[in-house]
Amino acid sequence: MKKIAIQIFLFVFLYSCGNDRNPNLDSTNLKNDIIDSTLSINKKTILDTTTIIDSTETNKEIVVEEKESKNILEIEEKESDYQIKSISQLWKQYKFAKEKATKFTSSNNLDSIITYLSMASDAAYELSREDIATWQLNNIGYYSINEFKRRTDYEKRMQKLATFTDLKKKVFFATETKSVFRKNFDILNRAQKYLQKAQILDSELEKSERTEIIDSNIQFIDWIEEYISNGTRENKENEIE
């Protein structure tokens with residue numbers, strides 16, 4: 001009986017040891033489930049906490065900022081173009097324009113003379129030197145009148161008209177002269193506008209020799225205009241007769 005009891009004890013002991021060496025499959029599966037669920041939770045957490053940056057939107061914002069900054073720079077550059085010039089810059093502009101005008105007088109380039117004298121007048125006016133500005137406008141009239149006289153041979157024509165004794169020849173030559181004057185009157189017509197502007201500026205200054213010279217130049221243009229107009233009226237009257 002004692003022997004049987006010992007055998008049963010050994011059997012139970014060996015059986016229990018065998019179970020320890022082979023762990024329960026359910027417990028192993030449970031551990032795996034726990035690991036899987038942990039990984040799943042970690043993955044979900046990673047996905048939830050990760051911020052996805054849209055590089056396209058970021059690039060758009062950068063491009064917009066660049067465009068805006070570029071536009072601001074362009075506006076600032078344009079505004080800088082309209083900055084008031086310094087006194088030294090204005091004097092440089094005046095001297096440069098005067099030198100250019102003088103250079104073109106030798107070649108009788110009236111268009112260039114007018115351009116640069118007008119520039120000199122503007123610079124002088126900005127310097128608050130209305131007296132100098134007025135002179136430059138008068139000079140435009142002066143050079144224009146001289147060019148008109150040169151093209152029409154004014155002096156010789158006027159002298160010849162004064163020497164005619166034959167009335168018919170004198171009338172014929174006067175008609176021809178008026179025609180020549182009329183063809184070149186656009187020179188004086190343009191100069192008249194600058195002289196009128198000079199007269200307005202001069203009226204705000206004290207009267208001087210400059211005032212008389214401006215008036216004289218305007219009177220000359222008025223006389224030529226009246227002279228050629230009379231010729232037109234005479235021709236019309238002759239046509240009617």
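- The 12-atom threshold is not exceeded at OH of Tyr125, counting heavy atoms of other residues, nucleotides or ligands nearer than 6.0 Å.
- Of the possible polar contacts, one joining the Thr134 side chain to the Glu130 backbone as a donor-acceptor pair under 3.5 Å is found.
- Rounding to the nearest 0.5 angstrom, the gap separating the CZ atom in Phe172 from the CG atom in Asp166 is 12.0 Å.
- What you find for Ile140 and Ser118 is that their closest heavy atoms are CD1-N, 3.9 Å.
- The two residues Ala124 and Ala133 come nearest to each other via the heavy atoms CB-N, 3.7 Å.
- Counting heavy atoms from C-beta outward, Val180 and Arg151 have side chains that stay 4.5 Å or more apart.
- Closest non-hydrogen pair, Leu195 versus Leu137, comes out as CD2-O, 4.3 Å.
- The closest side-chain heavy-atom distance from Arg182 to Ser179 is below 4.5 Å.
- Using the six-membered ring where Trp is involved, Phe148 and Tyr154 have ring planes that are tilted, between 30° and 60° apart.
- Here the side chain of Arg210 pairs no donor or acceptor atom with the backbone of Trp135 at under 3.5 angstrom.
- Across all non-hydrogen atoms, the minimal contact from Ala101 to Ile113 is O-CG1, 4.0 Å.
- Under the 4.5 Å side-chain contact rule for hydrophobic residues, Ile228 and Phe173 share a cluster.
- Defined by atom type and a distance below 3.5 Å, a donor-acceptor pair is present between the side-chain atoms of Asp222 and Gln192.
- Sequence neighbours left out, the pairs with a member in residues 97-107 that pass side-chain hydrogen bond (donor to acceptor under 3.5 Å, both in side chains) are Lys98-Gln136.
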For this session: Please step through salt bridge (charged side-chain N to carboxylate O under 4.0 Å, His left out) for the pair Asp111 and Arg190, ending with a clear verdict.
Result: CA-CA 11 Å; Asp111 289 338; Arg190 180 170 57 170; 3.0 Å; yes
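- When all heavy atoms of Ala191 and Ser144 are compared, the pair lying nearest together is CB-CB, 3.4 Å.
- Here the CG atom belonging to Asn146 is positioned 11.0 Å from the CD1 atom belonging to Ile187, to the nearest 0.5 angstrom.
- A distance of 12.0 Å separates CD of Gln219 from CD of Glu226, quoted to the nearest 0.5 Å.
- More than 12 non-hydrogen atoms from other residues, nucleotides or ligands lie less than 6.0 angstrom from CZ of Phe164.
- Checking Thr211 against Asp202 by side-chain atom types alone, a donor-acceptor pair falls below 3.5 Å.
- Under the 4.5 Å side-chain contact rule for hydrophobic residues, Leu90 and Phe96 do not share a cluster.
- No close placement of the Tyr194 and Tyr143 rings is indicated, their centers lying 6.0 Å or farther apart.
- Expressed to the nearest 0.5 Å, how far CD1 of Ile224 lies from CD1 of Ile221 amounts to 9.5 Å.
- Heavy-atom neighbours of Lys197 NZ from other residues, nucleotides or ligands within 6.0 Å: at or below the threshold of 12.
- Ring geometry for Tyr227 against Phe181 counts as tilted: the plane angle lies between 30° and 60°, on a 0 to 90° scale.
- Atom OG of Ser128 and atom CD1 of Ile87 lie 8.5 Å apart (nearest 0.5 Å).
- Residue Leu188 is grouped with residue Ile218 when hydrophobic side chains (ILVMFWY) are merged at heavy-atom distances under 4.5 angstrom, including chains of intermediate members.
- More than 12 heavy-atom neighbours from other residues, nucleotides or ligands sit within 6.0 angstrom of CG on Leu205.
- Going from atom CG of Leu110 over to atom OG1 of Thr115 covers 9.0 Å, rounded to the nearest 0.5 Å.
- Closest of all the heavy-atom pairs between Lys170 and Leu161 is CE-O, 3.2 Å.
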